Amino acid sequence: MTHNSTSTISVARAIATKDLRIEWRSKVLVNQVLPFAGIVMVLFAFALDNDGILQRVAPGLVWLAVLFSSLIIVQRTFAIESADNALDAIKVAGVSSVGVFLGKSVALVVQLLLFECVLVLLSLVLYQVHLSWGGAVLLVTVSLLANVGLAAMGALYGGLGAAAKGRETLLPLLLLPAVAPVLIAATRATESAFRVGGATLGEGWPWVALLAVFGALFSFGGTLAFGVLTEE
Amino acid sequence: MTHNSTSTISVARAIATKDLRIEWRSKVLVNQVLPFAGIVMVLFAFALDNDGILQRVAPGLVWLAVLFSSLIIVQRTFAIESADNALDAIKVAGVSSVGVFLGKSVALVVQLLLFECVLVLLSLVLYQVHLSWGGAVLLVTVSLLANVGLAAMGALYGGLGAAAKGRETLLPLLLLPAVAPVLIAATRATESAFRVGGATLGEGWPWVALLAVFGALFSFGGTLAFGVLTEE
Amino acid sequence: MNIHPFPSPVDTPTGTRASRGLGIVVFLSMVLLTLLGLVLTDEDVVQGSTVRLMYIHVPAAWVAYLAFIVTAIASAMYMWGKQHSLTFDRIAGASAEVGVIFMGLSLVTGSLWGRLTWGTYWQWDPRLTTTAFLFVTYVGYLAVRDLGGSHQQRAKRSGVVALLAVLEIPLVHFSVVLWRSLHQKASVLQPNGNVTMDGLMLFTLLFGVAVFTLLFVWMVLHRQRVLTLADAIDDGGLEAALQERRNEAN
Amino acid sequence: MNGVDEAVRLHNAVVLLGSFPALAEASLVVKKGEIVLISGANGAGKTTLLRLCAGLVPLARGEASVLGFNLATQRKEAQAHVGMLGHANGLYLDLTAQENLQFWGAVVGASAREIALSAQRMGLHTRLLATTVAKMSAGQRRRTALAVLVIRRASLWLLDEPHAGLDAAGRDEIDSILREATSAGATVIVASHELERAGALATRRIEVVGGAIVERGAQ
Amino acid sequence: MNGVDEAVRLHNAVVLLGSFPALAEASLVVKKGEIVLISGANGAGKTTLLRLCAGLVPLARGEASVLGFNLATQRKEAQAHVGMLGHANGLYLDLTAQENLQFWGAVVGASAREIALSAQRMGLHTRLLATTVAKMSAGQRRRTALAVLVIRRASLWLLDEPHAGLDAAGRDEIDSILREATSAGATVIVASHELERAGALATRRIEVVGGAIVERGAQ
Ligand code: HEM
Ligand SMILES: Nc1ncnc2c1ncn2[C@@H]1O[C@H](COP(=O)(O)OP(=O)(O)OP(=O)(O)O)[C@@H](O)[C@H]1O
Ligand SMILES: Nc1ncnc2c1ncn2[C@@H]1O[C@H](COP(=O)(O)OP(=O)(O)OP(=O)(O)O)[C@@H](O)[C@H]1O
Ligand SMILES: [Mg+2]
Ligand SMILES: [Mg+2]
């Protein structure tokens, strides 16, 4: 009598669509987190504006801003589930937890990409960075790969925090050290893309490889671990 | 038959005690926001460590970290009230809104002070700043006064955001420009205290005066405006 | 079924004979200002032709200040007036909207000018930064007006914000004195009252201020009437909604 | 004009939530000492009616006064005498029941004895008093919220589905508390879907239909 | 051992919340097709019992199986056939009722027709379907949650105070939905404090006392 249980893919799609629709409807990230990140970058520019320091640290600032925004985005994406205890409802539905993990991750990747586009554009204007075509290609690749890693770790630890009620505290503690390597690799690669401190484009690509490894590792690990971390 | 309504002061005290007790119990700020701010500062030390840049921008970094933390603290202090709709209960109690404002502000000041102590100590260690006794006195005065301004504006606009449900979006938009002068004055004064870029201690005190003016102005304005912004 | 108890707002003109007259005057003075700015005045000794940007940049900044001050005064009149008349609130809103436009204009012309003289669109200079903050503050003010709730509530809330926000203007104005700044020091109105500028340039600048002020008045007049009609539409919508709600009861 | 024996007087009151008229020209007079049961379909406007009386939502049109205070101009004065229990409990989840009660005691000026008494009445025994609200069951939270309400000693009690979530003993207790309050001169307005239970308590019954009020006559 | 005609079998089940034994050696057998009413004081353990059957809290000791699946080892398999309505509604507040239903439809694999049908049954008319849940009244939210439950077409229905917040029409509707479900072979367990209402519906009644189960006999 019960419905046939749906496939992992369709669960993932339903969750990702729903998350993106909620963001589209509530615009919390666009209206709240994005201006926040923007103002962070403006204030940094104001605090550091002398002697070309700003250009030198611009890549680091961009990725710091991404990192903080990603923390808030992860928190928000699980706050949606806890608000009226939809998390329990999803658990009782007995659907594939891999599907839930993938859905959450995809929604996070999409939102992070949007953020990065805006933040990178902002940094080009605010920090007066010059970007060549080759640099742009490098930057896009870096963003994509870095996002996969950030999103996978975010979904994993965000899920853990939401499952262990009232322990959202754990999120930054777990997430920040875990994604620090991603941050560093992305910063170094962006330095090459922005050509700061005499870095050349060629120096950037090895970092991209590293990001790809992290992304793959984190997604794989997340897929395996999510069920264990969030259930019961 | 109803109780005599309690005085503004006792309402303020009840609210401040309650807020601090909740923080003491839940440790959200200490466990969540503080490590976050700490990691920001470490990452900066990591990103900027050359040619004494770090020492030069240390004051700016400290106050930026304070500012971002203060946004999160303000959001948290009003999230407590909205979680089970205690805000409505407080309104129906018909207590003095000045009392509510003062209570919230005091709790914010205390929490901000705690944050600043940790962040300043951290900056001394991380950025290898030397602090003289005179500098320390200046720094303490600056922190106290800057906090009053931050807390008053935070309580005011946080209350507005909480009252207009679902529009917490406004908080950074309203709060950041309003407290930017506080940030600038505090940074300049801290530069004197840290003696960076050849600044002398004496140069710091006029900024303290400015901070005092802001603090007084914001507290006064907040006291008058809070009721109007949060009611109905 | 037309349930609106008043003529359709769509057909109600926002102009009157007086405001149309004012519009014509503004238009003609604009033409004259363009002539003065582009043709009749000389190049600056140091800045060359780029100085012509001043005739927009400075009036726009000053009229934006004026607009924000008008917003504050109108808000005060709403709050402390006996009637709590929404007209004042709408004037405050209209004036802030126009002020944001002028402030934006000043920011844009300033950064163009900066590109020409300093070689960069933007510098993290106190005047520029505080101006940007002032701009953001009034964008925030407009967002508060948009929060929803009753009209009176909107008026009260935004009135408070307007009174707080106006305090930032002195900060922007004195920022060049307070902090070491790249930006032009107060060159027209110096603290000691001296005026240091070539005659026709000064005249053009002041004429620009006058024209922009008239433009401001004209825009606020119309905008204020549009806001009045928008509020009326809201109220008219209420009648229809009430009717529908009563129908639920059958 | 506002009779001293009137607890609530609404005249063509309109309340807008967003642009939706949750109350559409509702008129109602409640005398002091009454226990009024408000019934009505889901979404009819019961909660909004109570929130209007508590001064939590602004009046868009019409007139409303509570305990002789005009809600448009003397809201704070009215609120000082009004106690409300909404759908939400209004508790701080990270504090224990005891700490919640103490906070409200300090805010409304109730003594430690009153607090202990009302906790006892609502069946909050020692273990529960020391439990944080976050760990309580639904009914235990509701009991804590009711204990907070009791120490308010309000003149006008507004209750939104007070019986929901309470066990049999809790239901009896709240009924006897409300009866005591009215016999001491207070007025009670209860919105409820449990018509038998609340109807037995009420001295009068009204129905909210599509944001307007329909009298159902005394019981 | 697990009889095919048993929907729930608990044997000395212990559930710890933190370190508190919310269920203390509860034993219970529910046959397929039954409608069981669980009553009990606030904090007795009713919600915990339902959450155990839904596989939402781990078993600390004892045995528990649902629809023939052992909860310790085959939780997912059991959950695929279980539908639960808790104290909370489990809805997304920023989505409309329609969008919530569509999401759950996609997750559990229900067709658009089923969704439309269950929305209609729960009285979610066009305006409501297009309203975000955040703007709904308490009862309207509960109705949406019930509509979501209906499209689950579960074999075991677990309901925590399903009547609370619903108006008279909603109460009748939910009763008839549950009767239909059991006549189609499903099993229903209802925790409730409204003994008259839920008692009339139930085929059997049990009471939870201090985390253990006391039989009250068939009605
Ligand atoms: C984005 C860049 C700029 C911004 C945001 C900006 C903003 C302002 C503002 C707000 C004022 C009014 C100040 C007051 O009287 O309180 C002002 C005045 C003025 N600005 Fe700029 N400005 C910018 C760039 C420039 C540049 C590049 C120049 C010329 C090199 C310039 C020349 C002037 C002059 C001459 C005045 C009149 C000064 C006085 O008498 O106070 N500005 N600007
Ligand atoms: N922002 C809004 N926009 C549109 N409609 C709204 C908004 N907020 C509330 N509503 C509607 O207003 C009505 C509010 O009703 P209220 O909460 O007073 O109902 P109620 O009688 O208490 O119902 P219940 O029995 O379900 O608690 C509902 O129909 C709801 O859908
Ligand atoms: N983390 C915890 N620590 C201590 N006690 C807890 C914890 N979590 C829950 N409890 C207790 O466990 C019991 C849980 O009961 P449950 O929610 O199952 O009650 P219930 O029968 O549903 O009550 P109600 O009728 O109020 O809904 C309560 O007594 C509660 O105080
Ligand atoms: Mg209601
Ligand atoms: Mg329960």
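Computed from a prediction, not measured in an experiment: that's the story for all the values here. A note on names: the letters A, B, ... follow the listed sequences, proteins ahead of strands, and every chain is numbered from 1.
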Exercise for review: Please say whether more than 12 non-hydrogen atoms of neighbouring residues, nucleotides or ligands are located less than 6.0 Å from CE in C/Met77.
Suggested key: no
Review point. Can you tell me if NZ on D/Lys76 sees more than 12 non-hydrogen neighbours from other groups inside 6.0 Å?
Key: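 Counting other residues, nucleotides and ligands, NZ of D/Lys76 exceeds 12 neighbours.
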Review point. Where on D/Val208 is there a heavy atom nearer than 4.5 Å to chain C: the side chain, the backbone, both, or neither?
Key: neither
Review point. Given a strict heavy-atom distance threshold of 4.5 Å, which part of D/Ala41 is in contact with chain C: side chain, backbone, both, or neither?
Key: neither
Review point. What distance do C/Gln152 atom CD and D/Leu59 atom CG have between them, rounded to the nearest 0.5 Å?
Key: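 One gets 12.0 Å once the value is rounded to the nearest 0.5 Å.
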Practice item. Answer whether the closest heavy-atom distance between the side chains of C/Leu238 and D/Arg61 falls below 4.5 Å. Key: yes
Practice item. Mind listing the closest non-hydrogen atom pair of D/Leu23 and C/Leu242 along with its distance? Key: O-CD2, 4.4 Å
Output a table of donor-acceptor pairs, distance under 3.5 Å, between side-chain atoms of residues 161-168 of chain C and any protein atom two or more places apart or on a different chain; print 'none' if there are none.
residue  : atom : partner  : partner atom : Å
C/Glu168 : OE1  : C/Thr137 : OG1          : 3.2
C/Glu168 : OE2  : C/Thr137 : OG1          : 3.1

Exercise for review: Look at the side chain of C/Arg245 and the backbone N and O of D/Ala24, then say whether any donor-acceptor pair between them is shorter than 3.5 Å.
Suggested key: no
Practice item. Pick whichever of D/Ala212, D/Ala44, D/Ser19 has the most heavy-atom pairs under 4.5 Å with chain C. Key: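 Most heavy-atom pairs under 4.5 Å with chain C: D/Ala44.
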